[in-house]
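Taking it in order: structure first as structure tokens, then the write-up.
Keep in mind it's a predicted model, so treat the numbers as computed, not measured.
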Amino acid sequence: MSDKNRHSQPFVMVFSLTIILFALSQFNTEYTVAGYKTKKVAPLSDILQKGLFKKVPLTHPVITDSIIVKDSTDFALRQTDSTNIFDFENDSTSALAHFFQSLNSTKKQKHKTRIAYFGDSMIEGDLITQDFRECLQNYFGGTGVGYVPITSIVSGFRTSVFHSFDGWTTYNLLESIPSNHSLGIAGYCFVPNTFVDTTNLTAGSSVKYTAVKRNHLNKFIETKLLYGKSEGENYVIINGNRYKLSGTNTVNQLVVNTSAQQINARFQCKSAIDIYGFSMESDSGVFVDNFSFRGNSGLPIQKVKQPIYTATNDCLGYDLIILEYGLNAVNPVVTDFSWYERGMNTVIKHMQASFPNASILLISVGDKSYRKDGVYQTDPSVPILVEAQKRMAKDNKLAFWSLYDAMGGNGSMVKWVEGDTVFANKDYTHFNFKGAHKVGKLLFSKIISEYNDYNKQLNQKNLN
């Protein structure tokens, strides 16, 4: 055999073997013999698994529905990205128009823009919302943490305000409450102890808030106390000053210009009264109120009566309602969420009636993993629920943001837990502080992108 043939022989053998393997890969070579199962021949499987020539599946089909195609070509093209906010208003008017108009007013003059962010344990302890708030206040101005309840099961965990309390009876929307009490906007009501002697300034149920050393949160400029109907001799002492709690409205407010780093409030009430919470804010800027409720699927928030929502809105004036739920509805065995869809459609209509002028943004459930055959993977019910939530937004003409897609879609929670930078907890469900920070900033960037598009289209219309 010549040297030339000897040198080419390995190449011929490898080439021939490759041709044979490719040929075999076109047939089903999986067989079970004597209890042993052969594998399908797949010569490029290792390469594909490691990412070379990797085909990334779309978590959702590209949307070309005319419902979300607006006047701007750039806007329409951007909507094909499932990580962006979808606008399901049925004409060229944005579903977030009222919110954006308020932001424009805040940017140009002394004006308040307020957001009510409703959610489950994903936003507990002001997670996500504190970063979202900070970004908005950096951009549009404003000082204050916004609404904070009287008591909280996560007061020791929250880092956007220091919070302590003593001497309260608490009712919430996941339990039956006495008929003479009403739940507030956050799904809670807090009842102070009653007693006869109101001359002792150190007696009574108390709550204390202390500002933290962070941008926009380091002082309380204007403080609002929200409470229910008050009959008889009911008082609150705030930073040494005594105020009578009077009012026949469903929700009443006491506004105090504090300019302090701490709010010390002591309630001395002779009759039962519902106290809802304090709001710390400035005379202008953007404020984000965190209404988290652990274990809440979203369906129970309709237990808060429309007059309560409406009366609270009269006091605080909301421009955007954000609904982020679904974590407590997903389950690996659930394949049909029509029951949840019907229930949440009722909730959405309840919120639209309660906040008639506010824009509404529906945020989907994020990715959630469960252990199967020793391996963590996406709960199969998550993408099914995301599609149901998208339909809710479309049916009710809301804005919609898929947190699931923004995280990376299928398998993303595993990466957030096991990646080089850890963004989520070992329960493969909840974000840690880094993850919440990432999501809050991402939500802000998507909102601002929509806001800039809105103003671009507004300017184009004014020029025509």
Side-chain angles (χ1 to χ4, degrees), residues 51 54-90 94-96 99 119 122-123 128 132 298 320 322-327 329-330 335 337 340-341 344 348 359-369 377-416 419 423-424 428-429 431 435-436 438-454 457:
K54 184 178 181 181
K55 183 179 179 182
V56 180
L58 288 173
T59 53
H60 298 295
V62 172
I63 304 292
T64 56
D65 196 323
S66 61
I67 283 178
I68 65 169
V69 176
K70 303 294 182 180
D71 298 336
S72 167
T73 302
D74 292 340
F75 183 86
L77 289 173
R78 199 166 50 76
Q79 290 286 58
T80 61
D81 184 348
S82 61
T83 69
N84 287 328
I85 291 174
F86 288 96
D87 189 344
F88 285 110
E89 181 54 76
N90 62 355
S94 170
L96 298 174
F99 174 55
M122 290 298 284
I123 65 167
I128 299 177
F132 182 47
L320 174 65
I322 296 179
L323 302 174
E324 184 189 331
Y325 292 106
L327 186 65
V330 294
T335 58
F337 283 99
Y340 184 72
E341 199 169 341
M344 282 303 295
I348 290 167
S359 303
I360 299 181
L361 169 63
L362 183 65
I363 297 180
S364 83
V365 66
D367 189 32
K368 179 181 185 295
S369 295
Q377 56 187 278
T378 291
D379 183 325
S381 69
V382 168
I384 300 173
L385 178 56
V386 172
E387 289 301 324
Q389 290 175 314
K390 185 181 289 186
R391 285 193 299 271
M392 295 174 205
K394 181 177 179 179
D395 292 345
N396 293 283
K397 302 175 183 177
L398 310 180
F400 174 78
W401 187 50
S402 173
L403 177 56
Y404 170 73
D405 283 309
M407 288 179 63
N410 184 55
S412 56
M413 180 54 79
V414 173
K415 297 176 183 176
W416 282 48
F423 292 112
Y428 289 79
T429 300
F431 304 129
K438 182 176 180 177
V439 172
K441 292 188 71 173
L442 183 58
L443 174 58
F444 169 76
S445 70
K446 298 301 182 180
I447 288 281
I448 288 300
S449 183
E450 292 293 314
Y451 171 69
N452 291 335
D453 272 338
Y454 171 81
Q457 293 182 60

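- With Ser364 contributing its side chain and Leu403 its backbone, the two residues share a donor-acceptor pair below 3.5 Å.
- Considering only heavy atoms from C-beta on, Leu361 comes within 4.5 Å of Ile85 through its side chain.
- When the side chain to side chain contact (heavy atoms under 4.5 Å, CB included) test is applied to Ala393, the partners found at least two apart in sequence or on another chain are Phe88, Leu362, Leu398, Phe400.
- By the ring pair (Phe, Tyr, Trp, His ring centres under 6.0 Å) test, Tyr340 pairs with no residue at all, sequence neighbours left out.
- Of all heavy-atom pairs between Leu385 and Gly326, the closest is CD2-O, 3.5 Å.
- Taking the ring pair (Phe, Tyr, Trp, His ring centres under 6.0 Å) definition, one finds that Phe431 meets it with Trp416, sequence neighbours left out.
- When the side chain to side chain contact (heavy atoms under 4.5 Å, CB included) test is applied to Glu341, the partners found at least two apart in sequence or on another chain are Asn345, Ala388, Arg391, Met392, Asp395.
- The two residues Phe337 and Ala329 come nearest to each other via the heavy atoms CE2-O, 3.5 Å.
- The main-chain N or O of Asn410 is found under 3.5 Å from a side-chain atom of Tyr404 such that the two form a donor-acceptor pair.
- At least one donor-acceptor pair under 3.5 Å links the side chain of Ser359 to the backbone N or O of Phe99.
- Checked against side-chain hydrogen bond (donor to acceptor under 3.5 Å, both in side chains), Asp367 has the following partners two or more places apart in sequence or in another chain: Thr378, Ser412.
- With contacts defined as side-chain heavy-atom distances shorter than 4.5 Å, the pair Ile360/Leu320 does not qualify.
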Checking Met413 against Lys368 for the side chain to side chain contact (heavy atoms under 4.5 Å, CB included) test, could you report, in this order, the C-alpha distance in whole Å, the side-chain angles of both residues, the deciding distance, and whether it holds?
CA-CA 6 Å; Met413 180 54 79; Lys368 179 181 185 295; 5.8 Å; no
Verify side chain to side chain contact (heavy atoms under 4.5 Å, CB included) between Gln377 and Val414, making sure each step is shown before the conclusion.
CA-CA 7 Å; Gln377 56 187 278; Val414 173; 5.8 Å; no
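- A distance-only check finds a donor-acceptor pair linking the side chain of Gln389 to the backbone of Val365 [under 3.5 Å].
- Side-chain atoms of Leu96 and Asp87, non-hydrogen and from C-beta on, never get closer than 4.5 Å to each other.
- For the residue pair Val382 and Gly366, the shortest heavy atom distance occurs at CG1-O, 3.7 Å.
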After noting the C-alpha distance and the side-chain angles of Leu442 and Trp401, does the key distance pass the side chain to side chain contact (heavy atoms under 4.5 Å, CB included) rule?
CA-CA 11 Å; Leu442 183 58; Trp401 187 50; 3.9 Å; yes
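- Legend: residues meeting side-chain hydrogen bond (donor to acceptor under 3.5 Å, both in side chains) with Thr83, ordered by chain and number and at least two apart, are Asp81, Lys446.
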